Amino acid sequence: MYQDQTIAAISTAMADGGIGIIRISGDESIDIINRIFRPAKKKDMMQVDSYTAHYGYIYDEEKKIDECICLVMRAPHTYTREDVVEINCHGGVMVMKKILETVLKNGARPAEPGEFTKRAFLNGRIDLSQAEAVMDIISSKNEFALQSSLKQLEGSLRKKIEEIRKTIIHHIAAIESALDDPEHMSIDGYGEQLLVDVKQLKSKIRALIDSADDGRILKEGIKTVIIGKPNAGKSSLLNVLVGEERAIVTDIAGTTRDTLEESISIQGIPLNIIDTAGIRDTEDIIEKIGVDKAKEKISSADLILYVVDVSRNLDQNDEMIMDLIVDKKVIVLLNKSDLDKKADIHLLYEKIKANPEWKYVEISAKTQDGISDFYEILKDMFFAGSLSFNDEIYITNIRHKNALMEAEQSLMMVEQSIMDDMPEDFFSIDLMNAYESLGFIIGESLGEDLVNEIFSEFCMGK
């Protein structure tokens, strides 16, 4: 829509700051800046070289608006592959709006959300997975999410998808050619050869699908729920992890009646922590609501931190908690290790040994003993002990995951057709479906409505 028009937007935050940037892209970009910008050293902006910066003033007719620096970048070596001008002005909201109004008055139109990146995609500079990586970079909340998004922006996912599609289209072409010219090309026994490649392609696609859970964690953080009986030390643990007195801590059981949520990073590991009410049978209506909320949070958690007070004996409430978390990833924190042990925790050890997803560590939330050991267990559970970002590709986008699952399903149908000795044109139909499903990821098989919907989620000016 309006692809041939020149667009403009404020690309920095709409708040007072040191610098503000107004971005212009399109055929008329340099012509517009030539009309409204007066360089300190007189020159024709239409003639300046690409990737040059020029100091001067923006004028609205004869009214000076602001002192600024203009960057001129000529197509095709720009973000959008169009002529681009960026006006670096003082970062006041009023002055940025005034300059944008002047740019619009001289021939540009307001950019839609994400339209600069959309033009980069439509003009072939980046594929759709790279375009979506731009937004992921902007919204990154931790180092791993940032590194994953940067790799995708560099084209890591596109290369993997293109490699798979190249093999698929090779087989489609071979089958279609043989079907069109059976006298000169034979595909007798072709199914056996195809089956080998289909199994390899399925394996590659499955590896990408399986990375989606880790990708979500990289992007959003580990959804972590702290549970335990009242007064087990849950709130004290939260305060230690957050590094401040976030939760009220008393000796009175049942102090926490609602959930408390915090997003933190522990040695680079992103955690979205939820502290819950102590789980126990209670007649207190308000406390019971808190307990019910705690049970709800458990079902959707990536990780359970089960805090056990080793200075007290286990009881039926502990058994109820262990039953609730039996199929979850759990770190059992044997808290209050600085006190005399009273808890008979043989049952707990049996549960831990029976479940490979359960780990345990002795800690003291009061003295912080064992907290570093807890961090090491956390790294082992989610990153195999290594926090260095490697060359793996992580799927962080649900749209990508769905497309991969559709492609995998189509290849499974190809595999079944081969095993059932079906005619070769059946292979071709399902191979094409897999090819097109993978095309959704990089934007080669996408309708205009979906493209518009994707870019509408971007921030203005990007």
Side-chain angles (χ1 to χ4, degrees), residues 141-142 217 220-280 282 284 286-312 314 317-318 320-322 324-325 328-339 343 348 358-382:
K141 294 180 174 65
N142 61 78
I217 286 171
E220 301 174 5
I222 302 168
K223 188 172 182 181
T224 306
V225 177
I226 303 175
I227 64 167
K229 290 189 301 187
N231 214 27
K234 300 182 302 300
S235 296
S236 296
L237 175 66
L238 175 67
N239 290 340
V240 169
L241 298 180
V242 174
E244 62 179 71
E245 296 297 313
R246 178 66 178 83
I248 299 171
V249 177
T250 72
D251 293 328
I252 303 170
T255 304
T256 302
R257 299 298 185 95
D258 202 350
T259 58
L260 292 174
E261 302 189 18
E262 285 287 334
S263 295
I264 64 171
S265 178
I266 295 177
Q267 297 185 3
I269 304 173
L271 296 180
N272 297 322
I273 297 184
I274 303 170
D275 181 27
T276 62
I279 296 178
R280 65 173 175 179
T282 178
D284 186 308
I286 297 176
E287 187 180 356
K288 190 173 186 304
I289 293 172
V291 171
D292 289 341
K293 280 190 177 183
K295 292 177 181 178
E296 286 177 15
K297 297 294 183 182
I298 289 171
S299 62
S300 60
D302 299 314
L303 172 66
I304 301 295
L305 301 183
Y306 174 28
V307 183
V308 178
D309 179 358
V310 295
S311 68
R312 292 187 291 163
L314 301 181
N317 291 317
D318 290 290
M320 176 175 64
I321 291 170
M322 286 186 274
L324 287 172
I325 61 176
K328 307 295 291 187
K329 277 190 175 181
V330 178
I331 300 179
V332 181
L333 299 167
L334 303 174
N335 191 31
K336 304 187 182 179
S337 61
D338 54 308
L339 303 178
L348 189 53
W358 284 33
K359 307 294 179 184
Y360 77 93
V361 61
E362 291 188 6
I363 68 161
S364 169
K366 181 179 179 180
T367 66
Q368 299 192 24
D369 287 343
I371 296 298
S372 59
D373 295 330
F374 159 63
Y375 292 162
E376 291 303 315
I377 291 174
L378 185 62
K379 287 192 288 186
D380 287 339
M381 287 186 81
F382 287 92

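Please read all numbers here as calculations on a predicted model, not as lab measurements.
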I want to check something: taking the side chain as every heavy atom from C-beta on, are [X] and [Y] in contact at a cut-off of under 4.5 Å?
X: V240; Y: F374; answer: no
X: L348; Y: D318; answer: no
X: I227; Y: L324; answer: no
X: L314; Y: V308; answer: yes

[atom2] on [Y] to [atom1] on [X], rounded to 0.5 Å:
X: L305; Y: K234; atom1: CG; atom2: NZ; value: 12.0 Å
X: K336; Y: I363; atom1: NZ; atom2: CD1; value: 11.0 Å
X: L333; Y: L237; atom1: CG; atom2: CG; value: 6.0 Å
X: N231; Y: R312; atom1: CG; atom2: CZ; value: 5.5 Å
X: N272; Y: L303; atom1: CG; atom2: CG; value: 11.5 Å
X: L378; Y: T224; atom1: CG; atom2: OG1; value: 7.0 Å

[X] to [Y] - nearest heavy-atom pair and separation:
X: K329; Y: D302; value: CB-O, 3.5 Å
X: K328; Y: A301; value: NZ-O, 2.9 Å
X: Y306; Y: M322; value: CE2-CG, 3.9 Å
X: G228; Y: I321; value: C-CD1, 3.7 Å

Problem set entry | Any residue meeting side chain to side chain contact (heavy atoms under 4.5 Å, CB included) with S364, in chain and number order, not counting sequence neighbours |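 With neighbours one apart ignored, the set is S337, D338, K366, T367, D369.
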
Exercise. Which residues satisfy the side chain to side chain contact (heavy atoms under 4.5 Å, CB included) test with I377, sequence neighbours excluded?
Worked result: I331, K359, V361, M381

Exercise. So, the side chain of D309 versus the backbone of A232: is there a donor-acceptor pair under 3.5 Å, distance only?
Worked result: no

Exercise. Taking only residues two or more places apart in sequence, or in another chain, which ones meet S299 in a side-chain hydrogen bond (donor to acceptor under 3.5 Å, both in side chains)?
Worked result: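 Partners of S299 under the side-chain hydrogen bond (donor to acceptor under 3.5 Å, both in side chains) test: none.
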
